[in-house]
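This report concerns only the one structure given below.
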Amino acid sequence: RILDAYTGREIRVLAYERLETPTVTGRPERCCFAGGPMAGRAVFSTADAYIAAWDWETGKVEVLLSDVPEGGVHAYQMLRGLDSGRVLATRLEDVVLLAPSAPLRSAMPHQRAVTSVDILHTGQAVSFSAGDRSLVWHATDGAPESRRNILDATAMTVLPGTSDVV
């Protein structure tokens with residue numbers, strides 16, 4: 001649902017399971033607003049491991065990723081819409097950078113669940129796992145560039161407007 005922040009009034013409701021040809025299954029779990037060429041859409045992930053974009057003006061739902069891994073369903077834990085129009089998504093050890101029509105998956109996953117992900121001012125994504133205390137830097141196309149383990153690290157953030165990881 002999209003609500004008016006001041007009045008609480010419902011502006012739009014997405015009922016994708018009631019569409020004439022439903023393409024997405026599972027209850028919604030995470031959402032974010034997209035930017036760039038995907039502006040005007042809400043991106044959401046479901047418990048069935050779908051990521052889709054909803055254009056609330058037209059009502060159209062576009063599946064961006066339908067990816068149930070071997071061994072069962074693992075829903076996405078974080079979604080972040082980027083100004084470039086891409087969407088950064090994480091689940092378990094996996095980091096995915098979704099372009100409007102081309103998902104790019106990290107080939108250098110963490111050994112444990114990703115607990116934080118951010119974007120550097122250069123457009124690179126950096127992800128962190130508190131479980132294995134690893135940082136992975138991803139190129140602007142989503143491919144991993146480097147990995148580093150940080151002793152005693154428990155959290156990660158990026159200083160705004162920089163490439164400094166704290």
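All of these numbers come straight from a predicted model, not from anything done at the bench. Counting from 1, the numbers follow the sequence of the chain as shown. What you see below is based on every heavy atom in this structure, not just the backbone, and it leaves out hydrogens, waters and symmetry mates.
The side-chain heavy atoms of F128 and V126, taken from C-beta on, include no pair separated by under 4.5 Å. Proximity of E62 to V43: side-chain heavy atoms (C-beta onward) are nowhere separated by under 4.5 Å. For the pair T154 and R133, the minimum side-chain heavy-atom distance is below 4.5 Å. No side-chain heavy atom of Y50 sits under 4.5 Å from any side-chain heavy atom of L65.
D55 contributes a side-chain N or O that, together with a main-chain N or O of E57, makes up a donor-acceptor pair within less than 3.5 Å. Put simply, the side chain of N149 never gets that close to the backbone of L135: no donor and acceptor are under 3.5 Å apart.
Here the closest heavy-atom approach between residue G8 and residue L3 is recorded as O-CD2, 3.9 Å. Closest approach of D164 to T162, counting heavy atoms only: N-OG1, 3.0 Å. Closest non-hydrogen pair, C32 versus R80, comes out as SG-C, 3.8 Å.
Rounded to the nearest 0.5 Å, atoms SG (C31) and CZ (R41) are 16.0 Å apart. From I51, atom CD1 reaches atom OG of S45 across 6.0 Å, with rounding to the nearest 0.5 Å. Taking CG of L64 as the start and CG of L79 as the end, the distance is 9.5 Å to the nearest 0.5 Å.
By the 6.0 Å contact criterion, CZ on R12 is enclosed, its count of non-hydrogen atoms from other residues, nucleotides or ligands being greater than 12.
By the 4.0 Å N-to-carboxylate-O rule, E29 lies close enough to R27 to be salt-bridged with it.
In the hydrophobic clustering (ILVMFWY side chains linked at under 4.5 Å, chained through shared members), L159 is joined by V166.
In summary, the aromatic rings of F33 and W54 are positioned with their centroids too far apart to meet the 6.0 Å limit.
A continuous path of Ile, Leu, Val, Met, Phe, Trp and Tyr side chains, each step under 4.5 Å between heavy atoms, connects V63 with W56, placing both in one hydrophobic cluster.
Between the side chains of T46 and D48, no donor-acceptor pair is found at a separation under 3.5 Å.
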